[in-house]
Structure formats: structure tokens, C-alpha cells
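The sequence lines fix the lettering, A, B, ..., with proteins before strands; numbering per chain opens at 1.
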Protein chains: 2
Amino acid sequence: MHSERPTLRAVAERSGVSMKTVSRVVNGERYVAADTAARVLSVAAELGFRPNTLAREFRAGGSSATVGLVTGDVANPFYARIARGAEHALRDPGLSLLSASNDEDAARERTLVAHLVERRVSGLLVVSADDDHTLLARERTLGTPVVFLDRAPADVAADSVVLDNAGGVRVAVEHLLERGHRRIGLIGDLSRLSTHRERVDAFGTAMRAAGIPDWERWVRSDSHDLDEASRAARDLVDGPDAPTAIVTTNNRITTGALRAFVDRPERPALVGFDDFDLADVLGVTVIAHDPDAMGSVGARELLARIAGDDGPPRHHVLPVRLVVRASSSTSR
Amino acid sequence: MHSERPTLRAVAERSGVSMKTVSRVVNGERYVAADTAARVLSVAAELGFRPNTLAREFRAGGSSATVGLVTGDVANPFYARIARGAEHALRDPGLSLLSASNDEDAARERTLVAHLVERRVSGLLVVSADDDHTLLARERTLGTPVVFLDRAPADVAADSVVLDNAGGVRVAVEHLLERGHRRIGLIGDLSRLSTHRERVDAFGTAMRAAGIPDWERWVRSDSHDLDEASRAARDLVDGPDAPTAIVTTNNRITTGALRAFVDRPERPALVGFDDFDLADVLGVTVIAHDPDAMGSVGARELLARIAGDDGPPRHHVLPVRLVVRASSSTSR
DNA sequence: TTGAAAGCGCTAACAG
DNA sequence: CTGTTAGCGCTTTCAA
């Protein structure tokens, strides 16, 4: 019970017309007699004919109606929502999403990008884990549009969609300062990531502005998984001169910190970057934003480039806003 | 600054060798003189040559090194983890994931499946929102292997990977009964989904076995988003003869229920299907399982089929286990 | 309204 | 070790 998938030629032979005629019918072109069209369609349905997109796109000599999305991990809710936003924006124009995770590894990302380009994706959306973007710059030059998401490229003039990292962290720190906190800690992601650096820099700026020069004592970086984040949180709180408040720089780290304090009656105030599903239930103050928008804005930008727009690179900065909940409500 | 992407022919001309030789070099075949290979590679690198996978796959006459994944919503953590599991399993064999969301809409799913088949994916992993699987059955017959995830097909003999839905719900209900609960409610997803029906059936069976014949009074179905789930939860608790415990049948519904009770001091005991990131922090008892495994087991099954295995359909049932936390610890 | 021929980029098969 | 030929499934171009 395993027949072969019929080709357009097979349909043509079975209907006694030329391949071109079948092609016309299948593509809904005009100038086909109604009865011819009907016959062809019935044969096509009977045989289970499916036009071969591979052949079509190949013949067109160009790219495939596909966009590559490279993120750190599809299962991270932040990236998953970017994927959803992108998918929705690409739906109408008829493009599909080829998604791949780089596991925050630069070498793997290069392999993925090469694969995707060889597959002739129409464009690339990438949350890059690499700080050398010469490969991506090259591909861009050779005709594959690239839009950088979340992390702007340091060395390439290309489109980007990022968050207002500095603004978010500044507001968070000011909020905590207003509540009387002075010893404020920060738990951050891999220090090689530009977003991390921006967030830490903004943190330092806000702390210095508040007259707290030794802010670096309470900074813990490179917490990329939940356990590391928990450890960093405990480390901060158990250390001498422990902070009374902590800023976590992404949803994973926030989760890790929450776990660290689950069995402790005394908890520092907490503000986390990224909103998350149960933040309201848990009463966690967050720097909220819309990851779907990052995906959809990036996808629309890419669509413009695919359509031939070769204007100068555009940089989108998505807004963030502080959502105050119980975790930062107690004053010092 | 927008050159053209060179073809293998261009590389051949620039290096003064035949296309076949370039092909050999690019594919790492033997029987190429070292210096020839070196020259070709340097020209290829200089020109930014990328073998055209579209052409290669097309030429091979077959399918693309791609697997289609159809779920309800890439951003739902359950589906996102399935995607991750699948992606990891497909990584080594060199297949990419083309993922698409059906928004739990049958018509949309059919469009997606058609698109993916036309793109000649090597196989399909689908969490189907459709209860008529004749289309998928047809494609399977025509040579595109299909593995059903989470929801087994009613009408097609095909591979599937599902959870032990009945076992999970039974254990949850028994756990609540042991704690003395008798009026136990259930909040469920769309009633047309087979998983929902299995879970409700198992619920009814366990309740009847406990001598509670009027269990249906506390069943609320068709809560597909967070707000509906919250509403159902409040409805149950505010109703006459309110249940003292509630079973929620998936992670979204659990979240909705938690939101419904966030500002209420009196909360029913709760057991949720699907574990989730902050369940430990929130102390929510859950029926846990491993969604990544669903993706990877499904992908491996698909790989076997792609490799030509045409044995009888295999049905994998993944285990679930009750993780008891505070939300069900109070006895009645 | 329909058809014939050519070719997209690449590689298998078969020489040399 | 290297080259030539042919063709994958489809659509564009040009004729009929």
C-alpha cells in the first residue's frame, strides 16, 4: 500500500494533455477550457498529485519560500514567543519557518547558518550567540537578508530589533532605590552576550548615579541555566553585606532565583527582566515587554528586504515597562 | 554591495576544471588531486559559493532533508518542548525542522500539511487538531511518513507517541480521594480533543469507582485559553456544593486556575496535568512527564520510517508520574 | 486555448 | 584522477 507520488507529467499523461496545460490548471492560470481544467483536476485528485515545491523553487532559480530562525533554544519561552510572532507575520505572505537552536554556541550557529543558506532560505532571523558576524555579513552581501533579533550586531550594519535594555534596567534600579534599597544585586547571563553587557552597564550607571560606587560587589554573571542562577542567588544572599534586593536579567534567571528562595522566609526584593506566565500569581515585579512583537517586527522587516528594499539598515527598539508586583513592594 | 550567489558552474569556470570536479571537491569525494582540490576550495571560498541544497535534493528526485512539525502553538511550553526534543533527535541525521502552528484549527492544519507535503518534507510529526485523518492517511500512503504525537489518530493505523492519560488522571484522583476529598472538579480543554476525552473518561471511571456517581456536576470542558480556565475555576468554586479539589488537564488550564485563586484565601486542592517551570516554587502537585521525550521518540520513529521501515504501526505510551506538592497536601 | 522545447543547479553513470 | 552526458519536475518562451 505504498504507491509513488505522481508527477505533473503523470497527471498530463493520464489526462491526455500537455504538461504545460496541467501546470496552468494547477496554478490557476487563465486560458484553460473549463472541461479540460475539470478533467485535469479530477485526475490530479485521484492520483494524489502534489506540485513539487522543491522543483518549482529550484526552477525559479531563486530562494525557497522559507525563513530561517536561529535562537538559543526553541523551548525557552522568550524564544518560543519570538517564533510565534515571526510565524504569524510570515503566514499571510506564505512563508514557512525553519527553526533551529544554537544552544548559545557560536560554532553551532555558524553550522546552522550555513545549512540554512544552502537551503536557500529567503532570509534569516537570528538571535546570535556569536560575536563575530563576518559570516552573516557575507551571506547578507550575497543576497540573503538578515535581521538580528534581541542582540544587535557589533560589527555589521544590518537590521535589528532589540529591547530597551538600558531603559528597563534603569527603571528597575530606580524603583528599588525609591523603596529604600541601596545594596542591590544583579544576576546576569553569559557575559559575552551584548544584552547582558548592556544590562550590566545600565545597572552600573544607575547605581553610580545613586552614589553607590561599589555596585560590582553584588553582580554575578554567567548564570545561564536555572541551577547556576539559583546558586548565584544563594551566594549573594548568604554573602557578607548581602543585598536587600536583586535584579535578574532574564526569565530563566528569575526562575532560578525564585527557586533559591522558595524555602527561605527572608527574601530579598526582586525585579526580573522578562514577564512570564505566572509572574502575576507569584507576585514578581518585572520589566515586561512583548516577545511576539520582536518576532513579528523582525519578520516584517525581513519581508521588506526580501521584497527588494535595500535602504539603509533600520534599528527597532521595542519598549519595556515596569510592572510592579509584590516582590518589590516591601520597603527598606 | 550586492553580488550574485555563485553557482557550481561559476566555481568550475573560475578554477578551470569541470563541474563534476568541483562537485567532487565540494562533497569531499575521493580521487581528486590535492592541488586541484585546494584551488577549487579557494575559488569557492573567494566567491562565497554555497551548494544549492534545493537543486541537490531536487536532483535526487526525492524529498528534502526536512521534517514538518505541526502543533497547536509553538509558544505553548508543552509544544515548544516537543519541538526541542524533535530538533535534538533530528540534529545528528542532519534534518531540519519546519515548524508550523495550527491554532487548534482543523482547516488550517490541512493547509499546513498540504504545504509541507508539497515542500517534500521527509516526514511529518503532528499533534493533530483534526479528527478526520484521511488527508494524512493519504499522504502516508503516497510516501510521506507520519507520526502522531500526543493525540492518537482514531481512524488511521499510524505510528503514535502519546502520554498515559488515563493512568495519570487515575493516580491524581486516587491521590485526592486518599486525602479525603469527595467533591472533586475537573477543568478540561476542548472536548473534541481525544486527550481531553481520555482524561475525562479516566476521571469518571475513578470517581465512579469511589462511589461518586454525580461526578459530572464538577466537570467544566472547553477551556482553551487562560481566561476561560480562570472563569471555569471561579465558576466551580463559587457554585453550590463547590468541589474541595480540582484537577486541571493541562499546563494552560493549571495556570488559569492558579490565577483565579490568587486573591482568594480559601483555595481548593489542585492537581495539574503537565509539570511546569514554577510548579515547585508555587507548590503545585502535578502529573509530570517529559515532553522533550515525546518529540525525540516521535522523531526517532519517523527516522526509522524515512529509512524505509515499513513494519506495522507502533504506539508509544510515555509514562507520567504524580509529583506531590503543597497544593494537594491539606486533607479534608 | 494548447503544446514543444529548453533549462534552472546539481550529480549518477559512464567514459577517458 | 578528470570530464561528458543526461535528466530530476517544473515553468518560461515561443509557436501553433
Between [X] and [N], is there a contact of a side-chain N or O with OP1 or OP2 at under 4.0 Å?
X: B/S23; N: C/dT11; result: yes
X: A/N52; N: D/dC8; result: no
X: A/T36; N: C/dT2; result: yes
X: A/R56; N: D/dT11; result: yes

Figure out the [atom1]/[atom2] separation between [X] and [N], and round it to whole Å.
X: B/E13; N: D/dG3; atom1: CD; atom2: P; answer: 13 Å
X: B/E29; N: D/dG3; atom1: CD; atom2: C1'; answer: 14 Å
X: A/M19; N: C/dG3; atom1: CE; atom2: P; answer: 12 Å
X: A/L54; N: D/dT11; atom1: CG; atom2: C1'; answer: 15 Å
X: B/R9; N: C/dC10; atom1: CZ; atom2: P; answer: 9 Å
X: A/E57; N: D/dT12; atom1: CD; atom2: P; answer: 13 Å
X: B/L8; N: C/dG7; atom1: CG; atom2: P; answer: 18 Å
X: B/R119; N: D/dG9; atom1: CZ; atom2: P; answer: 17 Å

Assign each of A/Y31 and A/K20 the nucleotide of DNA chain C bearing its closest heavy atom; nearer the 5' end lies the nucleotide of A/Y31

Indicate whether the side chain of [X] and that of [Y] have a donor and an acceptor atom separated by less than 3.5 Å.
X: A/N76; Y: B/R84; value: no
X: B/H133; Y: B/D155; value: yes
X: B/D103; Y: B/S101; value: no

B/T7 side chain: which of C/dG9, D/dC10, D/dT2 is closest?
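The answer is C/dG9, which lies nearest to the side chain.
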
Assign each of B/S18 and B/A55 to its nearest nucleotide of DNA chain D by heavy atoms, then name whichever residue's nucleotide is nearer the 5' end.
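Looking at DNA chain D, the more 5' nearest nucleotide goes with B/S18.
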
On DNA chain D, nearest-nucleotide positions of B/V32 versus A/F58: which is more 5'?
B/V32

Within the modelled atom types, does a donor on one side and an acceptor on the other bring the side chain of B/R24 and the base of D/dG3 under 3.5 Å apart?
yes

For B/S18, which residues count as a side chain to side chain contact (heavy atoms under 4.5 Å, CB included) partner, sequence neighbours excluded?
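Testing B/S18 for side chain to side chain contact (heavy atoms under 4.5 Å, CB included), a comparison that skips the adjacent residues, returns B/K20, B/T21.
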
Contact check, side chains of A/D159 and A/F148, non-hydrogen atoms, under 4.5 Å:
no

